[in-house]
Amino acid sequence: MAYWFHRNPLKATAPVNYELHGVSTNDSTRKIFSDLRISRAKLLDLLTDPGNSKDVVDKAAAEYLGLLQGLCIPMDPSQPENKLRKLIKYKWSNTLLGNVPVECSDTGFEYFSMLFNVGLWLTKHAAKLAAKETPDMEEAKEIHKCLKTAAGVFKFCKDDLRPKLLDPPSEGAHDTDGRVLDAYIHQCTAEAQEITLARAIELKHAVTLISSLAFETAELYQKGDDALASLDQKDVAKWRKYFQLKNKFYTACAHSYNGENLLNQDKCGEATRGLRESLDLYGKAEVLCKEYATVKGVGTTARPQNHLFFRNLEKVLKRTLEKCERENGLIYHQKVAVDAPVLEKRDTFGLVKPEEYTPPALDPLWSQDVYNKFSVPAGQQKSAQPEKPKGKDDQTPPLAPVKEKEVPMSDKDPKNSSGCVVS
């Protein structure tokens, strides 16, 4: 779906050479540091291009993170903490806060940040595949899987990695904030469910199923918006508009298909009210699309209002509403309800859940003997506390933004009846 998805930028980072004077003492320890430096640079380069193969990126991520674990997890049963964990200072930006770096001497922070970027890449890879004029079935499956996997990655960052950070930043819309992580989880899950919904529409499944899926999708977008509500709005306003417009659109979609179901049951008065509600919500979605396009904020700007799927819904619901009002006037003579029909959640087989992320195993270069060969004087084990903001004249220079490769988009309408590209 060209321009259908909003995407925040990759996190920027400073180079890390993994050269610590006197810490690596033999060929085995030096090789680990050398491989860490090489595999980090390789992975960062691969993440800039959403067109890279998922298998290639998965392999590179497993190589680097498998090595990195040797600097994070306890390696000596007699010591509760890895002696190497605080030796290196890492600098990373946040996806919502520009390129101002957060500096932290905690390899757990590096693990969190790099895996976070892998999650972002999965969403960008999915968007690139979806932007094709006619994604085939295998590509549709990969889009769906990438989004579920990304949701699982962000959930792992929140539930497993974040609690283990030695001293995460506590203020602002940092990527380590639980609210930001929740928003990413809900977005990825909702977008994966959009793929399920698109297929249900294209295959003309029961309108009750489609209505239920659309309502669930709308609620996921609402949860994403709610997660960001208590953060500084100058940081999250654009992203929230995306959640809001998708919520209104899919709620309108749910009422439209529910109205069709009510009409099939000869409940013309209720159907009429539901379709009027749908048309009103669709109008609100159009307004939010315009607001989203103009509000300041980070990320690529989606243009859902230009997409055939978005435009088609208005035609369908207007046509169905006209039919309801005509038949109610000629046949049913039912009173149109004051309140819109209550949308129901039904047991559906298409509901999406984040796919559980399994971290890579510790790289075989690590062993207890190799770990013991690293020499770390007591004075070199620094605090992992992030540096406090500096004065106006001595702030840390911003990191260079990641040069992400552009994703070509097509403005051509898909060649099918529903307008759902991924079907």
Over 12 foreign heavy atoms within 6.0 Å of NZ, K353
no

Would you give the length of the straight line joining atom CG of D232 to atom CG of L96, rounded to the nearest 0.5 angstrom?
11.0 Å

Stepwise salt bridge (Lys or Arg N to Asp or Glu O under 4.0 Å) test for E219 and K223:
CA-CA 6 Å; E219 287 203 325; K223 289 177 181 178; 5.7 Å; no

Treating S113 as the side-chain partner and E110 as the backbone partner, does any N or O pair qualify as donor plus acceptor under 3.5 Å?
no

Work out which heavy atom in T13 is nearest to a heavy atom in L44; give both atom names and the distance.
CG2-CD1, 3.7 Å

Is there a donor-acceptor pair under 3.5 Å between the side chain of Q79 and the backbone N or O of P77?
no

Check: F249 ring centre within less than 6.0 Å of W4 ring centre
yes

How close do H174 and N94 get, heavy atom to heavy atom, and via which atoms?
ND1-ND2, 3.0 Å

For salt bridge (Lys or Arg N to Asp or Glu O under 4.0 Å), just list the numbers for K59 and D55, CA-CA rounded to whole Å, side-chain angles, deciding distance to a tenth of an Å, and then say yes or no.
CA-CA 6 Å; K59 183 174 183 293; D55 289 341; over 6 Å; no

Residues C157 and L181: closest non-hydrogen pair is CB-CD2, 4.1 Å

Near K238 NZ, under 6.0 Å, is it more than 12 heavy atoms from other residues, nucleotides or ligands?
yes

Side chain to side chain contact (heavy atoms under 4.5 Å, CB included) with L36: of V16, L71, N17, only one passes, and it is L71

What do you reckon, are the aromatic ring centroids of F116 and Y184 less than 6.0 Å apart?
yes

What do the steps show when you test R85 against E81 for salt bridge (Lys or Arg N to Asp or Glu O under 4.0 Å), and what is the final call?
CA-CA 8 Å; R85 180 165 180 169; E81 186 176 282; 5.7 Å; no

Treating N82 as the side-chain partner and I73 as the backbone partner, does any N or O pair qualify as donor plus acceptor under 3.5 Å?
yes

Find the distance between OG (S375) and CG (L20) and round it off to the nearest 0.5 Å.
11.0 Å

Shortest non-hydrogen contact from H255 toward G274:
CB-O, 3.6 Å

Should we say atom CD of E356 is surrounded by more than 12 heavy atoms from elsewhere, each under 6.0 Å from it?
no

If you define the side chain from C-beta out and look only at heavy atoms, does anything of V370 sit under 4.5 Å from L365?
no

Without swapping roles, check the side chain of Q305 against the backbone of E286 for a donor-acceptor pair under 3.5 Å.
no

If you define the side chain from C-beta out and look only at heavy atoms, does anything of F154 sit under 4.5 Å from C188?
yes

Can a cation-pi geometry be assigned to K164 and F109, taking NZ or CZ under 6.0 Å from the six-membered ring centre and within 45° of the ring axis?
no

Under a 3.5 Å distance rule, please check whether W121 uses its side chain to pair with a backbone N or O of T48 as donor and acceptor.
no

Under 3.5 Å donor-acceptor, E260 side chain and T208 backbone
no

Mind checking whether Y292 and W239 have ring centres under 6.0 Å apart?
no

So, F33 versus F374, ring centres under 6.0 angstrom or not?
yes

is_close_aromatic(H186, F243), centroid dist under 6.0 Å
no

Determine whether a donor-acceptor pair (N or O, by modelled atom type, separation under 3.5 Å) exists between the side chain of H125 and the backbone of P50.
yes

Salt bridge present between K31 and D35 (N-O < 4.0 angstrom)
yes

CG of N261 to CD of E270: how many Å apart, nearest 0.5 Å?
10.5 Å

Going by the salt bridge (Lys or Arg N to Asp or Glu O under 4.0 Å) test, name the single residue among K248, K241, R240 that passes it with D225.
R240

For R30, is there any backbone N or O sitting under 3.5 Å from a side-chain donor or acceptor partner on S34?
no

NZ (K124) and CG (N8) are apart, to the nearest 0.5 Å, by 7.5 Å

In terms of heavy-atom contacts, A400 and A12 come closest through O-CB, 3.4 Å

Would you check if the side chain of H6 reaches a backbone N or O of T300 as a donor-acceptor pair within less than 3.5 Å?
yes

I need the full list of salt bridge (Lys or Arg N to Asp or Glu O under 4.0 Å) pairs touching residues 3-13, with sequence neighbours left out, sorted by first then second residue.
R7-E191, K11-D175

For the CG atom of L65 and the CG atom of L362, what is their distance to the nearest 0.5 Å?
12.0 Å

So does A252 get a backbone contact from the side chain of S256, meaning a donor-acceptor N/O pair under 3.5 Å?
no

Distance in Å, L68 CG paired with E63 CD, rounded so as to fall on 0.5 Å steps:
13.5 Å

Non-neighbouring partners of F156 that pass ring-ring contact (aromatic ring centres under 6.0 Å, His included), sequence neighbours left out:
Y357

Closest heavy-atom pair and its distance - L84, G70:
CD1-O, 4.3 Å

